[in-house]
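See below for the structure under consideration.
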Amino acid sequence: MRVTFLGTGSAMPTGERFQTGILLSDEDRRLLVDCGSGVLHRLQQAGVGYENVSTVLLTHHHLDHVADLLPLLKARWLAGEERLEVVGPEGTKSLLDDLLAVHDYLRDRVDLQVREVGAHEFEVAGFDVEGYETRHSMPCLAYRFGDRFTFSGDSEAFEGLANFADGCAVLAHDCSFPDGVDVSNHPTPAKLGEALSGADVGRVYLTHLYPHTDGNHEEMVDSIGERYDGDVRFAEDLLSVDI
Ligand SMILES: [Zn+2]
Ligand SMILES: [Zn+2]
């Protein structure tokens with residue numbers, strides 16, 4: 001399985017990181033997890049393209065995770081692709097209904113399948129996935145793909161989520177802000193290190209990075225390292241990891 005970070009930024013632009021999007025792929029399967037602003041461009045830059053992604057799995061409905069959904073639908077329609085499947089937590093159906101009510105001319109242009117999932121096991125685009133409820137300002141699901149990959153979505157760091165990822169080869173975790181920023185609904189490095197202490201994860205990639213993190217990468221990794229001695233790195237847009 002290959003994991004490609006398409007967008008490692010957040011709701012506030014850094015100039016280098018687009019909003020959230022992660023592509024999972026192997027020989028014949030492709031799944032886009034989240035579809036924030038800029039992800040459609042990154043798909044092209046990654047050499048995959050919107051024509052080859054027909055399924056999107058959403059962690060939650062904040063704009064920085066869904067902004068490119070209709071642009072993806074429109075691009076696929078214009079390219080003659082006939083379908084798009086959107087899978088996400090409760091409310092995903094009404095989200096798509098509401099978006100298409102605003103952009104009415106996009107209705108029925110492709111065969112749009114929408115499916116709602118929760119904190120349980122399911123299959124999407126040929127991948128076996130398990131969902132887990134995170135701690136965020138709206139309902140959000142973390143997703144685990146077997147023993148290979150877990151994505152936290154947006155979440156505070158807490159032991160339950162670390163346990164959910166335990167035993168995984170790669171964990172991509174929200175680490176929105178450096179220490180010293182007073183924040184809820186997202187972790188700081190100190191909180192993340194505390195939650196991860198005792199977890200057995202092959203490698204952790206930090207993502208969902210606000211501009212506040214610029215220039216603070218080293219101290220953020222050091223801060224996590226005070227409680228957690230595993231391999232911790234920063235994700236970058238267009239970084240691919242083979243797992
Ligand atoms: Zn969010
Ligand atoms: Zn977000």
Side-chain angles (χ1 to χ4, degrees), residues 3-24 31-43 56-72 86-96 98-99 116-119 129 131-144 149-158 160-162 164-165 171-179 181-189 191-192 195 204-214 216-217 220 234-239:
V3 171
T4 303
F5 293 93
L6 297 171
T8 59
S10 61
M12 293 167 72
T14 67
E16 290 172 355
R17 298 174 184 275
F18 286 157
Q19 296 181 350
T20 300
I22 297 177
L23 181 72
L24 272 62
L31 173 66
L32 177 60
V33 183
D34 283 345
C35 194
S37 172
V39 166
L40 197 53
H41 285 278
R42 289 287 193 235
L43 265 180
V56 184
L57 175 63
L58 302 175
T59 59
H60 66 306
H61 300 148
H62 274 152
L63 189 58
D64 54 314
H65 300 253
V66 306
D68 263 3
L69 266 185
L70 286 200
L72 174 64
V86 180
V87 181
E90 194 183 335
T92 298
K93 282 180 181 153
S94 60
L95 172 77
L96 268 297
D98 291 350
L99 286 171
E116 296 186 348
V117 294
V129 192
Y132 184 83
E133 226 168 279
T134 78
R135 292 182 185 167
H136 193 44
S137 51
M138 71 158 64
C140 178
L141 294 170
Y143 293 120
R144 175 168 175 148
F149 182 63
T150 300
F151 177 42
S152 70
D154 281 10
S155 182
E156 290 185 9
F158 63 104
L161 184 49
F164 177 66
L171 164 66
H173 204 294
D174 178 350
C175 196
S176 290
F177 297 98
D179 290 331
V181 176
D182 184 21
V183 60
S184 53
N185 305 310
H186 295 288
T188 54
K191 289 276 172 59
L192 182 55
V204 179
Y205 282 99
L206 308 180
T207 188
H208 202 268
L209 303 166
Y210 273 79
H212 311 59
T213 61
D214 283 350
N216 294 308
H217 289 191
M220 288 174 72
F234 275 76
E236 304 287 345
D237 285 22
L238 294 174
L239 170 74

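FYI, the numbering just counts along the sequence from 1. As the structure is a computational prediction, the values presented were derived from the model and not from experiment. Only heavy atoms go into these numbers, but all of them, side chains included; no hydrogens, no water, no symmetry mates. Counting convention: from 1, in listed order, for ligands and their atoms alike.
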Residues which pass side-chain contact (heavy atoms from CB on, under 4.5 Å) with Ser37, listed by chain and number, not counting sequence neighbours: Gln19, Ala67
Within 2.8 Å of the Zn ion (ligand 1), is there any N, O or S atom belonging to Cys140? no
Those residues that, when tested against Tyr143, pass side chain to side chain donor-acceptor pair (under 3.5 Å) (two or more places apart): none
Any sub-3.5 Å donor-acceptor pair from Asp154's side-chain atoms to Cys140's backbone N or O? no
Distance below 2.8 Å from the Zn ion (ligand 2): how many protein N/O/S atoms qualify? 4
Please list, chain by chain and in numerical order, all residues satisfying salt bridge (Lys or Arg N to Asp or Glu O under 4.0 Å) with Glu236, sequence neighbours excluded. Arg17
Are side-chain N/O atoms of Asp174 and His136 paired as donor and acceptor at under 3.5 Å? no
Reference residue His186; test side chain to side chain contact (heavy atoms under 4.5 Å, CB included); the match among Ser137, Ser176, Ser155: Ser176
